[in-house]
2 protein chains.
Amino acid sequence: MAGSVNIKDVARHAGVSVGTVSNVLNRTDRVRSDTRARVEAAIAELHFVRNESARQLRAQRSRIAGVLVLDITNPFFTEVARGVEDVLGAAGLSVVLCDSDTDEDRQDRYIQLLTEQRVQGVLVVPVGPIDRQVTRLRRQGISVVLLDSEAPEGLACSVSVDDVGGGRSAVQHLLALGHRRVAFVGGKGRESQVADRAKGAHVAFLQHDEPGAELVSVTARALTIEGGYEAATQLLGMPEAHRPTAAFCSNDLLALGMLRELSAEGVSVPDDFSIVGYDDIDFAAAATVPLSSVRQPARDLGQLAGELLLEEASGLAHEHRQAVLGTELVVRASTAPPRRKSARRARRA
Amino acid sequence: MAGSVNIKDVARHAGVSVGTVSNVLNRTDRVRSDTRARVEAAIAELHFVRNESARQLRAQRSRIAGVLVLDITNPFFTEVARGVEDVLGAAGLSVVLCDSDTDEDRQDRYIQLLTEQRVQGVLVVPVGPIDRQVTRLRRQGISVVLLDSEAPEGLACSVSVDDVGGGRSAVQHLLALGHRRVAFVGGKGRESQVADRAKGAHVAFLQHDEPGAELVSVTARALTIEGGYEAATQLLGMPEAHRPTAAFCSNDLLALGMLRELSAEGVSVPDDFSIVGYDDIDFAAAATVPLSSVRQPARDLGQLAGELLLEEASGLAHEHRQAVLGTELVVRASTAPPRRKSARRARRA
DNA sequence: CTGAAAGCGCTTACAG
DNA sequence: CTGAAAGCGCTTACAG
């Protein structure tokens with residue numbers, strides 16, 4: 001029968017009790033070396049693999065942590081996951097990755113799954129308000145850290161990024177270059193990250209205080225490359241007099257999609273149009289018009305979150321902390337001063 | 001106490017036996033509706049969440065499948081994972097994603113983890129020979145499907161891609177454009193996929209049968225954007241007389257990295273150098289010199305693998321099948337005929 | 001339709 | 001250092 005070798009079989013085969021086999025597995029030093037050798041031989045011969053469900057049920061603790069992200073195909077989030085894995089892996093925890101696809105139902109299903117599994121901890125990039133889910137996880141003794149989103153004080157540890165500051169730096173850069181009409185490109189979702197980046201964009205405009213300057217909001221179906229194509233089409237559909245000369249995209253996927261679509265339509269970046277992205281994923285620098293982007297410390301973010309989770313799970317005195325990491329505007333080739341109208345006409349003639 | 005509400009508490013609270021609570025959870029139709037209502041109320045009031053370890057231990061089956069990929073930051077693999085999730089999610093299985101990072105030790109650790117968890121099935125993109133691990137999983141009653149790699153007949157189901165054909169089509173394209181010296185860019189690893197793509201490249205050369213045509217092998221540290229930078233540097237370091245005029249990169253990450261580095265060094269793509277990638281990830285089309293690439297049906301691959309897993313796990317008569325999907329060369333802007341030497345000199349003058 | 005009881009495969013005090 | 005036994009939280013025939 002498949003899966004039928006258990007600790008009892010091993011005990012019988014090695015001529016010891018099951019308790020001794022368990023000791024070999026969990027507290028090796030308590031077992032005399034010749035006994036241990038016999039047990040290990042039996043384990044190998046019988047191809048015994050411990051049943052983790054049984055172990056966990058009895059021992060009341062899991063060695064797994066779950067990471068739940070918004071979009072597994074976005075390299076920003078997988079880089080965050082790698083940061084988590086750096087830290088938790090070193091501590092002997094295994095990390096499994098789950099993809100909510102920015103869908104609250106899917107998020108909640110995965111949280112339910114992880115709760116039923118009684119994992120050691122959950123690190124989640126939330127879709128919408130998450131307080132209730134955090135409380136439910138805690139009630140089952142599961143540690144929770146919010147990723148890329150600031151937790152209300154007292155609720156949980158979190159590691160987020162100063163998205164208001166990041167958005168501000170992006171738009172300040174465009175304004176400083178001389179752009180007057182700037183598009184902010186977001187999505188249909190209500191992720192707090194995107195809202196904060198939009199807020200930062202507004203703050204930059206307020207501080208700039210130039211009469212007539214205009215921040216235009218553009219909404220893509222999703223924060224994806226596809227969404228960037230679509231946003232570009234929206235921009236190109238605007239009457240030229242009102243059309244922005246630059247866009248701040250709320251992530252790099254959007255920015256790369258927009259870059260591609262504008263180029264395909266003969267709009268040159270940055271000569272005719274400037275673009276700033278957000279995240280600074282590897283593909284941003286690798287674009288052949290290298291993308292100016294607001295860099296988030298993705299891996300650090302994951303690592304710090306992993307550390308906070310370990311601290312909480314250790315059971316020692318623990319006070320929830322909300323870490324906020326800074327961003328860095330990386331200026332590359334996709335941003336330049338707007339072309340002056342006269343110059344443009346001259347060139348066209 | 002955290003995590004202390006169990007099925008017994010619910011039973012007591014609802015005034016029924018634990019068996020009845022379990023029936024409400026698992027075989028709702030066997031319970032009279034008023035009893036069910038009382039139990040459900042108790043579950044809600046006490047915030048009961050079933051302990052999946054206990055359920056699984058007793059019921060001897062898991063509702064989880066694991067997907068193990070080579071590089072979670074590569075959108076090709078996450079797209080495959082989404083395909084798997086499409087199919088398994090619909091069947092009520094949850095999918096957790098694990099990242100071997102092309103490291104055999106990490107792969108084996110994750111396989112061990114999934115085995116101890118007694119998951120329902122594992123879908124794995126293998127690093128190196130995997131026969132032993134497949135046997136071990138089967139022995140525990142765990143279904144296995146190989147992803148993106150052809151299984152030896154009889155060992156397991158697999159869904160792979162005709163990488164020899166894909167490699168051949170890429171290089172045929174370059175040869176047909178008139179390139180005579182072509183680089184094949186692979187990595188240090190010994191993934192069968194890359195070996196097959198290299199083989200396809202060789203086949204194309206043999207079929208082309210043009211004396212003096214040369215296939216140059218370039219080895220990057222890893223199949224990443226970073227690796228592409230490095231490979232480009234290697235190419236630029238070659239004496240011009242021997243330097244290839246085109247490269248076939250064994251994935252798009254390499255190709256995008258190479259594209260970027262060559263552009264940065266003033267080598268124009270495709271005027272001075274042609275590049276073909278592999279995978280056709282979304283970033284390939286979105287590059288501003290849109291990348292010619294060999295398209296793999298990533299999502300289909302994952303979906304088909306998911307279906308094969310379900311079939312195997314269903315316990316019905318099952319014969320292992322090895323599906324091989326085709327590729328499609330997508331020609332975009334990164335490939336062109338080589339510039340003739342004289343023209344090049346003329347332009348420089 | 002409901003309850004009582006066995007048992008899934010482990011770990012962990014407790015004796016000896 | 002080793003063994004016997006209790007029990008983790010469930011599910012599932014089996015009676016009634």
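Bear in mind the structure is a predicted one, so any value in this text is a computation, not a measurement. Order of the sequence lines fixes the chain letters, A, B, ..., with proteins taken first and strands second; residue numbering starts at 1 for each chain.
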What pattern of brackets, bars and dots sums up DNA chain D from 5' to 3', given Watson-Crick or G-U wobble pairs under 3.5 Å, [ ] for crossing pairs and | for another strand? |||.||||||||.|||

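We find that CZ of A/Arg63 is positioned 13 Å from C1' of C/dT11, with the value rounded to whole Å. What separates CD of B/Gln117 from C1' of C/dC10 is a distance of 14 Å, to the nearest Å. Rounded to an integer number of Å, the gap from A/Arg55 CZ to C/dC8 C1' is 16 Å. Here C/dT12 presents its P atom at 12 Å from CG of A/Leu57, a figure rounded to the nearest Å. In this structure, the CG atom of B/Asn51 is 10 Å from the P atom of D/dT11, given to the nearest Å. In this structure, CD of A/Gln56 is placed 17 Å from C1' of C/dT12, rounded to the nearest angstrom. Atom-to-atom, CZ of B/Arg12 to C1' of C/dG3 comes out at 16 Å; the value is rounded to the nearest Å. Atom P of nucleotide C/dG9 and atom CD of B/Glu116 are separated by 15 Å, given to the nearest angstrom.
Remark: the A/Asp148 side chain and the A/Gln193 side chain contain an N/O donor-acceptor pair separated by less than 3.5 Å. Side-chain N/O atoms of A/Gln112 and A/Arg136 include a donor and acceptor closer than 3.5 Å. Side chains of B/Gln56 and B/Arg63: a donor-acceptor N/O pair is absent below 3.5 angstrom, by distance only. Counting only N and O atoms by type, the side chains of B/Arg50 and B/Asn6 include no donor and acceptor under 3.5 Å apart.
Of all nucleotides listed (D/dT12, C/dT11, C/dC8), D/dT12 comes nearest to the side chain of B/Asn23.
Sorted by residue number, the members of residues 24-49 of chain A with any non-hydrogen atom under 4.0 Å from DNA chain D read A/Arg30, A/Val31, A/Arg32, A/Thr35.
A donor-acceptor pair is defined here as one N or O able to donate and one able to accept, closer than 3.5 Å; no such pair exists between the side chain of A/Ser22 and the backbone of A/Val18. Under the 3.5 Å distance criterion, the side-chain polar atoms of A/Gln140 are left unmatched by any main-chain donor or acceptor of A/Thr115. Side chain of A/Thr28 to backbone of A/Val24: a donor-acceptor contact under 3.5 angstrom is found. One N or O on the side chain of A/Gln322 and one on the backbone of A/Ala156 form a donor-acceptor pair closer than 3.5 Å.
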Any N/O pairs under 3.5 Å between the protein and nucleotides 4-7 of chain C? List them or say none.
from  : atom 1 : to      : atom 2 : distance (Å)
C/dG7 : N2     : B/Arg58 : NH1    : 3.4
C/dG7 : N3     : B/Arg58 : NH1    : 3.3

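For B/Asn6 and D/dG9, the shortest distance from a side-chain N or O to OP1 or OP2 is below 4.0 Å. Note on A/Arg61: a side-chain N or O is less than 4.0 Å away from OP1 or OP2 of C/dT12. Residue A/Arg118 has no polar side-chain atom (N or O) positioned under 4.0 Å from OP1 or OP2 of D/dG9. Side-chain N/O atoms of B/Gln60 include one lying less than 4.0 angstrom from OP1 or OP2 on C/dG9.
In this structure, A/Arg321 pairs ionically with A/Glu311, as a charged nitrogen and a carboxylate oxygen lie closer than 4.0 Å.
Evaluation of the salt bridge (charged side-chain N to carboxylate O under 4.0 Å, His left out) test over residues 10-27 of chain B, restricted to residues two or more places apart or in two chains, returns B/Asp9-B/Arg12.
By the salt bridge (charged side-chain N to carboxylate O under 4.0 Å, His left out) test, A/Glu45 is found to be paired with no residue, residues two or more places apart in sequence or in another chain being considered.
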Identify each donor-acceptor pair in which a side-chain atom of residues 84-102 of chain B lies under 3.5 Å from a protein atom, sequence neighbours left out, and give them as a table.
from     : atom 1 : to       : atom 2 : distance (Å)
B/Glu85  : OE1    : A/Tyr110 : OH     : 3.1
B/Glu85  : OE2    : A/Arg106 : NH1    : 3.3
B/Asp86  : OD1    : B/Arg299 : NH2    : 3.0
B/Asp86  : OD2    : B/Arg299 : NE     : 2.8
B/Asp86  : OD2    : B/Arg299 : NH2    : 3.3
B/Asp86  : OD2    : B/Gln303 : NE2    : 2.9
B/Asp99  : OD1    : B/Ile72  : N      : 3.3
B/Asp99  : OD1    : B/Asp101 : N      : 3.1
B/Asp99  : OD2    : A/Arg82  : NE     : 3.0
B/Asp99  : OD2    : A/Arg82  : NH2    : 3.0
B/Ser100 : OG     : B/Val69  : O      : 3.1
B/Ser100 : OG     : B/Thr102 : N      : 3.3
B/Asp101 : OD1    : A/Arg82  : NH2    : 3.0
B/Thr102 : OG1    : B/Leu70  : O      : 3.2

